[in-house]
Amino acid sequence: MGGKTAESGTAASDREADERGLASGPVLVTGANGYLASWLVKRLLERGCEVRGTVRDPADTRKTEHLRRAAGEAPGRLSLSAADLLAPGSFDAAMAGCHLVFHTASPFIARSLRNPRRQVIEPAIEGTRNVLDAANRTASVRRVVLTSSVAAVYGDACDLAATDAGRFDERCWNTSSTERHQPYSYAKAAAERLAWQVSESQDRWDLVTLNPGLVLGPALSRHAGSESVSILRDFASGLYRLGVPALEFGIVDVRDVAEAHLRAGLGSSAAGRHLLVAGTLSLLEIGRILRDAFGSGYAFPPRILPTPFVRLLAPLTGVSQAFVSRNVGYPLAFDSGRAERELGMAFRPAGQAVVDHFRQLLDDGLVVERPRPAGR
Ligand code: NAP
């Protein structure tokens, strides 16, 4: 890891923000109640920003009370209004007067999709189109920060073999996902491509995209519905009691992803795509980290399952056999150097994101605390 420290990077961003005045007026965050966006809203409020958050239902206190609490504890101001990704014009009112727009809203559902077009593809693509159409109609907008994903960088782990440097980086685009194979990844890649097309067709606002790996780390709300939460809960649910597939993930802490958004939004020189991955862990390694931190009272995975067995059972676990063939047993490698150099990011280790996230699940009663067995 290199580049500036978090503190010096923040001071630099402050100066740059003053230069451009990006945060001098209200700042829009779409999907403000999401797992990731909640941390971004909190950080913006702590910096004294006026945050306009859009959510589907501002009256749903279960999903918004943590945001109002964050606003009560910080110098910034928060207003929440209703907007739907699929409703044209839905974001116009909230965006009016904003220089800076963070577009984070998009469903993160990667397993057991019954209707991929309706559940992830249309909200990702049409939602991005609607938000950027609103930016084109809103004369005050100077920058849009889009929450993309590593899913827009690569489709399957086996795609690593085709990279120049043996690592995924910002030059890579996912060309292997389709509506039928990896529809969430297809949706994220198509949405980011669309965003670059729209941005290049005008010159009032610039686009910065962030491409996080699997985001883990503590959620600010016990009602966070992101797949990130269910992936970690599975480690205690018994799903992995017999073992896990040889599957790796590029992982990044949710607090660092929020910080990268802040820097991408406020830093005057921020531009282009930014891969955000702190490290790569396999499911078995995540299990080992959890066992070391929380003891063996949980159903953490004891071993790697044979891949033919995993392929056979794939449909029962919400993934396809093609997914298994193209991902299980393949290593992953990422280069997040650009985010370190240009945004000054210093990522928390992936293992810390895992441990802090599981601790939050225990603290919020989402996983039942089990005592360490004697002698362990
Ligand atoms: P999340 O907690 O499920 O947040 C998704 C947000 O999108 C929620 O606010 C949700 O609102 C909103 N949304 C969904 N459908 C909508 C619609 N039709 N209209 C308006 N809003 C809608 O998931 P997350 O993990 O924080 O993901 C946030 C962003 O990060 C997404 O763009 C995702 O693709 C990206 N990302 C996530 C990860 C990860 O590992 N979590 C990794 C890379 C990229 P409701 O609460 O009303 O459903």
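Any value given below was found using the heavy atoms of this structure, including those in side chains, with hydrogens, waters and symmetry copies removed. Counting starts at 1 for both ligands and their atoms, following the listed order.
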Set of residues satisfying side-chain hydrogen bond (donor to acceptor under 3.5 Å, both in side chains) with respect to [X], sequence neighbours excluded:
| X | answer |
| --- | --- |
| Gln321 | none |
| Arg129 | Glu126 |
| Asp256 | Arg348 |

Distance flag, aromatic centroids of Phe358 and Phe300, threshold under 6.0 Å: yes
Set of residues that line ligand 1, where lining means a heavy atom lies under 4.0 Å from it: Gly31, Asn33, Gly34, Tyr35, Leu36, Arg56, Lys63, Ala83, Asp84, Leu85, Thr104, Ala105, Ser106, Pro107, Phe108, Thr147, Ser148, Ser149, Tyr184, Lys188, Pro212, Gly213, Leu214, Val215, Ser226, Ser228
Distance under 6.0 Å and angle within 45° of ring axis: Arg273 vs Trp173: yes
Considering all heavy atoms, the nearest Arg370-Gly297 contact: CD-O, 2.7 Å
